[in-house]
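The structure presented is a predicted model; accordingly, all values stated were derived computationally and were not measured.
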Amino acid sequence: DIAMDLSEKLPYSSKQAADAYFFLASAGKTAAQTMSLLPKVAEFATAGNFALENATSLLMDSQSALGLSTKDVAKDQENLVRISDVLVKANILANGSVEDFATSLTNKAGSALRMVNKDVEEGVAVLAAYAMQGVKGEKAGEQLSIILRDLQTSALENAEAFRQAGINVYDSSGKMNNLGDIIGDLEGRFEGMSDKQKRSELTLLGFQDRSVSAILTLMGMSKEIKTYEEELRKAGGTTEEVSSKQMESFNKQVEVLKNKVINAAIG
């Protein structure tokens with residue numbers, strides 16, 4: 001019943017909706033959770049304009065990687081909608097698709113953020129900055145993971161060098177500082193330096209070649225990262241809004257009409 005009802009509101013057949021139900025259940029969701037989440041996942045797919053099957057997989061994997069899956073039906077739906085809204089909003093803010101950002105989270109970025117207690121808004125803000133520099137999808141997820149790992153390692157192993165350079169990776173309680181602020185500290189340190197000098201300085205701070213490239217890509221983007229994060233924290237309702245706008249198109253309405261005819265025949 002839910003699958004057929006959904007197919008008469010969004011451009012997916014009842015079979016596609018039923019398949020998505022299967023994928024949700026396969027991800028470990030209970031029957032109650034699956035029925036609650038299915039319409040939200042379909043809205044996410046419609047807003048991002050990509051296949052329902054792929055949308056279901058990416059959204060579930062992102063939620064799991066970020067550690068935001070729970071057996072509490074209401075809280076689980078709240079977490080999933082939050083991730084969906086952030087990813088769709090990032091697509092509006094930066095030069096990357098919804099699918100690009102979801103793929104980044106599922107390719108190392110989500111789990112890396114969870115390890116340092118970073119939330120989805122802060123993490124996706126950095127992914128949006130990468131997207132504006134032409135680094136997207138799996139590559140962006142890998143780059144963010146490298147930065148989070150190597151910033152910590154280098155700061156701990158070269159504490160005095162970081163102190164003298166005025167780069168604060170941790171606050172007084174040992175919590176990792178905001179990524180936009182850390183990039184801002186690096187920009188301040190590198191001001192007036194040539195590209196060669198920047199690379200040399202990063203090497204002196206203990207960064208490996210893999211992290212030097214990941215960091216240099218973000219140089220000059222600290223203000224954008226902070227702005228993106230601020231906007232992403234106000235993303236509530238974005239998926240529903242964008243999905244509704246997508247449904248105004250003639251082709252989407254034709255799909256819904258076709259589904260209604262098919263459902264009537266099934267009935």
Side-chain angles (χ1 to χ4, degrees), residues 62 65-68 82-83 85-96 100-102 104-105 107-137 139-156 158-159 162-163 165-193 198 201-202 205-207 210-236 238:
S62 295
L66 289 162
L68 293 176
R82 173 187 172 191
I83 297 168
D85 285 339
V86 167
L87 293 174
V88 175
K89 184 70 172 183
N91 168 232
I92 296 171
L93 293 172
N95 185 28
D100 283 336
F101 293 116
S104 296
L105 287 180
N107 188 57
K108 301 181 180 180
S111 55
L113 289 166
R114 182 177 61 179
M115 289 298 293
V116 289
N117 297 311
K118 296 289 185 186
D119 60 24
V120 64
E121 290 84 1
E122 184 177 347
V124 174
V126 178
L127 293 175
Y130 270 126
M132 294 304 291
Q133 299 287 62
V135 181
K136 307 173 186 178
K139 181 66 174 178
E142 182 180 0
Q143 294 286 282
L144 179 53
S145 174
I146 288 172
I147 282 184
L148 287 170
R149 181 183 67 236
D150 289 4
L151 269 174
Q152 296 179 88
T153 301
S154 297
L156 291 172
N158 304 275
F162 270 75
R163 188 189 66 78
I167 302 168
N168 301 300
V169 175
Y170 297 102
D171 64 17
S172 58
S173 67
K175 179 182 177 182
M176 192 174 190
N177 283 323
N178 181 276
L179 288 167
D181 291 333
I182 296 172
I183 297 301
D185 284 347
L186 286 164
E187 289 171 352
R189 176 61 176 174
F190 296 158
E191 187 174 358
M193 289 186 180
K198 290 176 186 177
E201 179 70 9
L202 284 168
L205 289 169
F207 289 105
R210 63 193 178 197
S211 49
V212 168
S213 176
I215 291 171
L216 287 177
T217 302
L218 293 177
M219 287 298 98
M221 297 293 291
S222 63
K223 290 183 180 178
E224 284 82 359
I225 291 172
K226 298 290 284 185
T227 299
Y228 290 150
E229 183 180 347
E230 182 181 349
E231 290 300 313
L232 292 174
R233 294 196 183 282
K234 300 183 290 187
T238 302

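The salt bridge (Lys or Arg N to Asp or Glu O under 4.0 Å) analysis of residues 177-192, with sequence neighbours excluded, yields the pairs Asp181-Lys226, Arg189-Glu201. Applying the salt bridge (Lys or Arg N to Asp or Glu O under 4.0 Å) test to residues at least two apart or on different chains, the pairs with a partner in residues 146-156 are Asp150-Arg210.
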Could you go step by step and tell me if Asn95 and Lys136 meet the side chain to side chain contact (heavy atoms under 4.5 Å, CB included) rule? CA-CA 9 Å; Asn95 185 28; Lys136 307 173 186 178; 3.5 Å; yes

Set out, in order, the CA-CA distance, both residues' side-chain angles and the distance that settles side chain to side chain contact (heavy atoms under 4.5 Å, CB included) for Leu216 and Met219, then state yes or no.
CA-CA 5 Å; Leu216 287 177; Met219 287 298 98; 4.1 Å; yes

Quiz item: Where do Arg233 and Glu122 land on the side chain to side chain contact (heavy atoms under 4.5 Å, CB included) test, with the steps shown first?
Solution: CA-CA 9 Å; Arg233 294 196 183 282; Glu122 184 177 347; 4.2 Å; yes

Let me see the working for Leu93 and Thr227 under side chain to side chain contact (heavy atoms under 4.5 Å, CB included), right down to the final yes or no. CA-CA 10 Å; Leu93 293 172; Thr227 299; over 6 Å; no

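Atom NZ of Lys108 is surrounded by 12 or fewer heavy atoms from other residues, nucleotides or ligands within 6.0 Å. Within a 6.0 Å radius of NZ in Lys139, no more than 12 heavy atoms belonging to other residues, nucleotides or ligands are found. Within 6.0 Å of the CE atom in Met193, the count of heavy atoms belonging to other residues, nucleotides or ligands exceeds 12.
The minimum heavy-atom distance linking Glu231 with Lys89 is given by the pair O-CE, 4.1 Å. In terms of heavy-atom proximity, Phe101 sits nearest to Gly96 at CE1-O, 3.4 Å. Nearest heavy atoms, Ile215 versus Phe207: CD1-CE2, 3.6 Å. What you find for Asn177 and Asn168 is that their closest heavy atoms are ND2-O, 2.8 Å. Closest heavy-atom contact between Leu179 and Leu148: CD2-CD2, 3.8 Å. Ile83 and Ser62 get closest at one heavy-atom pair: CG2-CB, 4.3 Å.
Distance alone, capped at 3.5 Å, is enough to place a donor-acceptor pair between the Ser154 side chain and the Gly206 backbone. Proximity of a side-chain donor or acceptor of Ser104 to a complementary backbone N or O of Gly137 within less than 3.5 Å is detected.
Lys118 contributes atom NZ, which lies 10.0 Å from atom CG of Leu144 (distance to the nearest 0.5 angstrom).
For the pair Val135 and Gln143, the minimum side-chain heavy-atom distance is below 4.5 Å. For the pair Leu218/Gln133, no side-chain contact is recorded, criterion being any heavy-atom separation below 4.5 Å from C-beta on. You'll find the side chain of Val212 stays beyond 4.5 Å of the side chain of Lys198, heavy atoms only.
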Which pairs would a plain distance check flag for residues 124-132, meaning a side-chain donor or acceptor within less than 3.5 Å of a matching protein atom at least two apart in sequence or in another chain?
residue, atom, partner, partner atom, Å
Tyr130, OH, Ala214, O, 2.7

